[in-house]
Amino acid sequence: MRIFFSLFFLAFPVLLFSQKKKDVNSAKEIDYNSKYNATDSIKKKKAPEATIDMYQIISLDKDTTYIDTTQSIRKEHSFNYLRKDNFGLLSFPNEGQTYNTLQYGLNGFTPYPGMGFTAKRFNYSNAEDIRYANVATPVTELYFKTTLVRGQSTDVFFSLNTSPRLNFSIAYRALRSEGRYINVDSRTGNFRFTTSYNSKGGRYIANAHYVAQKIQNEENGGISNVSDFESGDPQFDNRQRLGVYFEDAMSLLKGKRFFVDQTFRINPKKGDNNLYVTEQFNYEDIYFNYTQQTVPSSVGGKIVDRFGESFVTSGISDKTTYNKMYNKLGAVYENMLLGSFTFFVDDLHSNYFYNNILYFDAETVPNLLSQAINNIGGQYNYRKDKWNGKFLYSKSVTDQNLSNLDASAVYEINDENQISFRYQNMNKLPNNNFDLFQSSYKKYNWSNDFVNEKINSISVNAETKWGSVSVLLNSINDHLYFADVSTDAERAAGTQIIAPAQYGKAINYASLKVSKEFVFGKWALDNTLLYQKVDQPDFILNVPEFLTRNTLYYSNHMFDRKLFFQTGVELNYFTSYYSNSYNPLIGEFFVQDKVKIGNFPLLDFFFNAKIQRTRVYLKAEHFNSLFSKSNYFSDPNNPYRDFLIRFGLVWNFFN
């Protein structure tokens, strides 16, 4: 079947372009061409003016937004390393490091097994994260922001349409941040190239991208004596004086992906009934490498084996390699009254491997985990008047018991108010690093055969002119996680042993999220509050019960309304809880029940301004750390960031 899919993928474009061309345009294309072709005929009299709806950003699911150059408090919330609102994420001491997840379910779920190393993937773009463009004139966006100590964060995007039906875009996101602690330097690079094509009449549509990504972090394992940080001793205001577990360890996640999504309409002219053939191809190659030159750690003059005994005395280099090829073939029947019906089959082949097979007294750890998964499924989409709904079901036909039911509906009351519902029932395969892992550290080698996780999820979201409300209910069975399995003697010696585990009891999670902005003339108070509750016999799924973000700000114009600015104070707070802790060797967070973090405010002062299409940002981050206790942490061994003044800008060009 893999050979069949690959041959079909190669032959598919040839079949498409061998069809006889028809001079038939869809309604959308006629409208689009009228804006260009009509003005072309009179362009000597008056140059055409492009409107905002001609600068489109399109997701893989064909959701369309427009390039937005306005300045708002939501732009302030998304002016960060991830380029999105990071409410529910707690950043680590240096830019470009990982994030502790405070809001469960924030990263979503997929039934397919992944490579793992999830703590390294917050800035790793998946196929569904890539956006495609359709622009009337060439567009450039420049993002810049200062980092910690030395370095900078940049993101450059350029897009153009060579014709109304063919678009290209190229982008590169880069970061270098030295940080204030020993051995936390971050360097990342993310190259993205996309292209989109629509044939005349919209009969053939294709989106493709190539992405190459690198996330490199020096890893210090956290500060080795937390009391030094908490003491408030002025000698430790220079964070380089705080001892850490590793001074020469480093992790590197590197990957590249080639992706194509294409649709061909069988009937030459679009009518009330249409037949389509769809195909999706995804090839990805990734590796994770952890290196550490000096194996024993020196902590307070004592030698500590942080991750236990090792097979080697120096020069650790643990490399995990993963590749996958995914093909999905579908047939779609579209009726303008009833909606669209899709039947699809897919084929996933993946290889997760190491160089050697390891033999222990009690077990053998293989070097390869190879998976071949085939699914069949159907999807129904309905859009009429104020309703928009989707129902999807897929199930494996190979040995794996993989299934996914996803039903959603959106009702648009009017332009300002809508309500949406979603139900998911998922039988999810474990990520590969739960089932297989090899390391130079003896106790970090395992081979498992975990059963699937079962996740039931119900969500209701209301977006209204009065505010937003989201309710989420989750029931999880056979939950997979990483656990601290160190003995009391190992903990006393500073040793940390982590292993995968599966929880056999049910976990029930509920959350309520409310967002509301109050406006008083030129003043405004923007609020986001999240309440979470977990019903579980043991401390396995741990989240803070309450999170809040409150922003009080003032907006006005200056210089004959040529400059618009916003300035104010932002408060972030979450209640104390048993936070998950980060382990750099496996690139994952693990569950612990010894140390709580939280119950400290984070106060930021900001001043943002907009001049034409340039937005400038200035922020004094965590300024209350100048006079508060040193009790702020991102996980039990990593403090949150100290006071820092940073600035940056976003600049859009429309040529």
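If you read the sequence from its start, that first residue is 1, and numbering goes on from there.
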Exercise. Is the closest side-chain heavy-atom distance between T98 and F589 below 4.5 Å?
Worked result: yes
Exercise. Side chains of Y582 and Q97: closer than 4.5 Å at any heavy-atom pair?
Worked result: no
Exercise. Can Y132 and N167 be counted as having a side-chain donor-acceptor contact under 3.5 angstrom?
Worked result: no
Exercise. Hey, are N652 and R615 close enough side-chain-wise for a donor-acceptor pair under 3.5 Å?
Worked result: yes
Exercise. With distance as the sole criterion, is a donor-acceptor pair present between the side chains of S177 and S186 under 3.5 Å?
Worked result: no
For this session: Apply side-chain contact (heavy atoms from CB on, under 4.5 Å) to K629 and list each qualifying residue two or more places apart in sequence or on a separate chain.
Result: N631
Exercise. Does the side chain of I58 come within less than 4.5 Å of N134's, by heavy atoms?
Worked result: yes
Problem set entry | Ring centres under 6.0 angstrom apart (F574, F600) | yes
Exercise. Of R176, R646, K145, Q152, which meets side-chain hydrogen bond (donor to acceptor under 3.5 Å, both in side chains) against E95?
Worked result: R646
Problem set entry | Any K619 side-chain heavy atom under 4.5 Å of F605 side chain | no
For this session: Sequence neighbours left out, what passes ring pair (Phe, Tyr, Trp, His ring centres under 6.0 Å) with F158? Give chain and number order.
Result: none
Exercise. Is there a donor-acceptor contact under 3.5 Å linking the side chains of S579 and N100?
Worked result: yes
For this session: Check whether the side chains of S511 and Q532 place a donor and an acceptor atom closer than 3.5 Å, and report yes or no.
Result: no
Problem set entry | Y143 and E141 side chains, donor-acceptor separation under 3.5 Å | no
For this session: Answer yes if the side chains of T64 and Q56 hold a donor-acceptor pair under 3.5 Å, and no otherwise.
Result: no
Exercise. Mind checking whether S555 and K522 have side chains closer than 4.5 Å, heavy atoms only?
Worked result: no
Problem set entry | Ring centroid separation F565 to F607 under 6.0 Å | yes
